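Just so you know, these numbers come straight off a predicted model, no measurement behind them.
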Amino acid sequence: MGALLDEYQKAINELTLTIKGLNQDDLKLYIDDETNDDDCKSVQTILSHIVQSGYTYVVEIRK
């Protein structure tokens, strides 16, 4: 369990570095206007999905 949580921490650190330079306008930028999946339309919705999923996975792992 500890090793898996360490990997999640590493992924969070890498994601933080990747998005560090983004501003509010970048976050609102639509990436895919044609998708039916609301989680995949903008940078912001993609990041929200990632964070929500990561939180859910960590909670389940700790159970």
Exercise for the section: Treating Ile, Leu, Val, Met, Phe, Trp and Tyr as nodes and any side-chain heavy-atom pair under 4.5 angstrom as an edge, say whether Met1 and Tyr8 lie in one connected cluster. Expected result: yes
Completion exercise
Here the gap from Ile12 atom CD1 to Glu14 atom CD, rounded to the nearest 0.5 Å, amounts to 10.5 Å
Practice task
Group every Ile, Leu, Val, Met, Phe, Trp and Tyr by side-chain heavy-atom contacts under 4.5 Å, then state whether Ile19 and Val43 land in the same group.
Solution key: yes
Completion exercise
The single option from Asp39, Asp37, Asp38 that satisfies side chain to side chain donor-acceptor pair (under 3.5 Å) with His49 is Asp39
Exercise for the section: Using a 4.5 Å cut-off on heavy atoms from C-beta on, say whether the side chain of Leu29 contacts that of Gln44. Expected result: no
Handout entry: Cluster overlap Ile46 with Leu15, hydrophobic side-chain contacts below 4.5 Å
Key = yes
Handout entry: Asp26 CG to Ser42 OG distance, which is reported to the nearest 0.5 Å
Key = 11.5 Å
Exercise for the section: Treating Ile, Leu, Val, Met, Phe, Trp and Tyr as nodes and any side-chain heavy-atom pair under 4.5 angstrom as an edge, say whether Ile31 and Leu27 lie in one connected cluster. Expected result: yes
Practice task
Taking Thr35 for its side chain and Asp32 for its backbone only, find out whether a donor-acceptor pair lies under 3.5 Å.
Solution key: no
Completion exercise
CD of Glu60 to NZ of Lys63, rounded to nearest 0.5 Å, is 4.0 Å
Handout entry: Atom OH of Tyr57: over 12 foreign heavy atoms under 6.0 Å
Key = no
Problem - Common cluster, Tyr55/Ile50, ILVMFWY with side-chain heavy-atom separation under 4.5 Å - result: no
Problem - Between NZ on residue Lys41 and CG on residue Asn36, distance to nearest 0.5 Å - result: 7.0 Å
